[in-house]
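Before any comments, here is the structure.
Atom set for the values below is all heavy atoms of this structure, side chains included, hydrogens, waters and symmetry mates excluded.
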2 protein chains.
Amino acid sequence: MKAAFESYLRQQTQLDEAGVRRVSSLAISRKLRRNEFLLREGEVCRHKTFIVNGLLRTYSVTPDGNEHILSFSPENTWTLEVESYDRQAPSRSHIDAIEPGEVLQWLKADFNGLLEEIPQLKILAEQMVSRSIHSSRQRIITTLSATPEQKYEDFVQTYPGLLPRLPLRMIAGYLGVSLKTLTRLRHAQMLR
Amino acid sequence: MKAAFESYLRQQTQLDEAGVRRVSSLAISRKLRRNEFLLREGEVCRHKTFIVNGLLRTYSVTPDGNEHILSFSPENTWTLEVESYDRQAPSRSHIDAIEPGEVLQWLKADFNGLLEEIPQLKILAEQMVSRSIHSSRQRIITTLSATPEQKYEDFVQTYPGLLPRLPLRMIAGYLGVSLKTLTRLRHAQMLR
DNA sequence: TTCAAATATGGTCAAATGACCATGTTTTTA
DNA sequence: TAAAAACATGGTCATTTGACCATATTTGAA
């Protein structure tokens, strides 16, 4: 089960075999069932998590009951609740499994140790931060300027593989659009 | 003129006097007139910029002519076009001055040198990245879930000092709401 | 396999929003 | 100081969007 992660590491970094094993050795593996929570609102996010397989989502629920999705995390990506992880404060979001799957987790102290110890891992971590900033900015622009149809198109382009794995209402929750609006525009696209 | 920046540095870091001077010494100062561009779309962002005084904005213009504002940068904050700066690729946003002011700039190579040289500056830089991630996430949630009125309230709460310095249409461009909607809800608030 | 729950779609209606235009005011700049 | 530009507000109207409800279909769990 750690094999998939190790080959990910070899692909993404210049780590030698010893480094790969070292990082891998501190990982705790965990299985998730469908709808199982990785982290609940109010809990403290104590781990960095790598998704080996499956599909997770990070979302928050407004008082009126709407679910607003911050991100989807498919296999070979990482997830955590940054604010909570950084400050070890209660999380304001939930993370749960849309599909059953397996993840690897590192305790914050362990991971920080690895960052000090292994410069190539630090480089990877910085790349991840940089990508995260870019995609947040991109998403803000899209959210501000695009019509629902453009947002949907953009989503389809950006995450083509995710589309068939997600119920439509979650895509709506990600785009900030009602389910009704989404089905409407899909219907309109059918007619073309 | 560099004095303001130096006292900012002393407040925000553990830098000793030599460190403060060293960072300050590599800065290039520049004055900006009202509406003057710091960076145009298509140009490469070659500097990190600290705003000594004045008020800048980062925004992009959609084909239909609407201006969507990514961020405001008042005195004692930093600004740059991250994507462009990181990859030295053409910027997709403009940065210009809403108010006349003065900024300090560091060439990327110089700043990276300082980061290597001065660990406390590295810490400050990482703090800035962390804050930037948090505020982006917060903004995404607000944009997704709040009504225009809530967005406006949120803006007033978060940036109380900025409000009187900004034309309303820019606040609209930041919130992703039409100017009309903004004046409407303000009118409604007056009546309460 | 069967039943229950979740899901996608559609209809109708009311409310929110934006586009367009005009006006009075304030701010800039020549 | 005077003219020009930018700005905030309001009116009207068409369009978009969401809320609510019903239904058919798909999916998941017992």
>> Under 4.0 Å, counting only non-hydrogen atoms across every strand here, what does B/Leu179 touch: a base, just sugar-phosphate, or nothing?
In response: base
[N] [atom2] sits how many Å from [X] [atom1], rounded?
| X | N | atom1 | atom2 | result |
| --- | --- | --- | --- | --- |
| A/Leu166 | D/dT26 | CG | P | 19 Å |
| B/Leu175 | C/dA16 | CG | P | 18 Å |
| B/Lys151 | C/dA16 | NZ | P | 15 Å |
| B/Leu185 | C/dG18 | CG | C1' | 14 Å |
| A/Leu168 | D/dT25 | CG | P | 18 Å |
| A/Ile98 | D/dT27 | CD1 | C1' | 15 Å |
| A/Leu144 | C/dG18 | CG | C1' | 16 Å |
| B/Asp64 | C/dT17 | CG | C1' | 15 Å |

>> Once you measure the plane-to-plane angle for A/Trp78 and A/Phe111, does it fall in the parallel (<30°), tilted (30-60°) or perpendicular (>60°) bin?
In response: perpendicular
>> Is the ring pair B/Phe5/B/Tyr8 parallel, tilted or perpendicular, if the boundaries are 30 and 60 degrees?
In response: parallel
> Does a salt bridge link A/Arg10 with A/Glu17, judged by any charged N lying under 4.0 Å from a carboxylate O?
Replying inline: yes
>> Whether the side chain of B/Arg184 and the base of C/dG18 hold a donor-acceptor pair under 3.5 Å is what I'd like checked.
In response: yes
Residue [X], side-chain heavy atoms: nucleotide from [options] that is nearest:
| X | options | result |
| --- | --- | --- |
| B/Arg169 | D/dG18, D/dA8, C/dT17 | D/dA8 |
| B/Arg34 | D/dA8, D/dG18, C/dT28 | C/dT28 |
| A/Pro167 | D/dA8, D/dG18, C/dT7 | C/dT7 |
| A/Lys180 | D/dT12, C/dT9, C/dT12 | C/dT12 |

Does a side-chain N or O of [X] approach OP1 or OP2 of [N] to a distance below 4.0 Å, or not?
| X | N | value |
| --- | --- | --- |
| A/Arg186 | C/dT9 | yes |
| A/His187 | C/dT9 | no |
| A/Thr183 | C/dT9 | no |

>> Using a 6.0 Å distance limit plus a 45 degree cone around the ring axis, check whether B/Arg57 lies over the aromatic ring of B/Tyr174.
In response: no
> With nearest nucleotides of DNA chain C determined for B/Asn35 and B/Leu182 from heavy-atom distances, which residue corresponds to the more 5′ nucleotide?
Replying inline: B/Leu182
> Would you say A/Glu116 has more than 12 foreign heavy atoms packed within less than 6.0 Å of its CD?
Replying inline: no
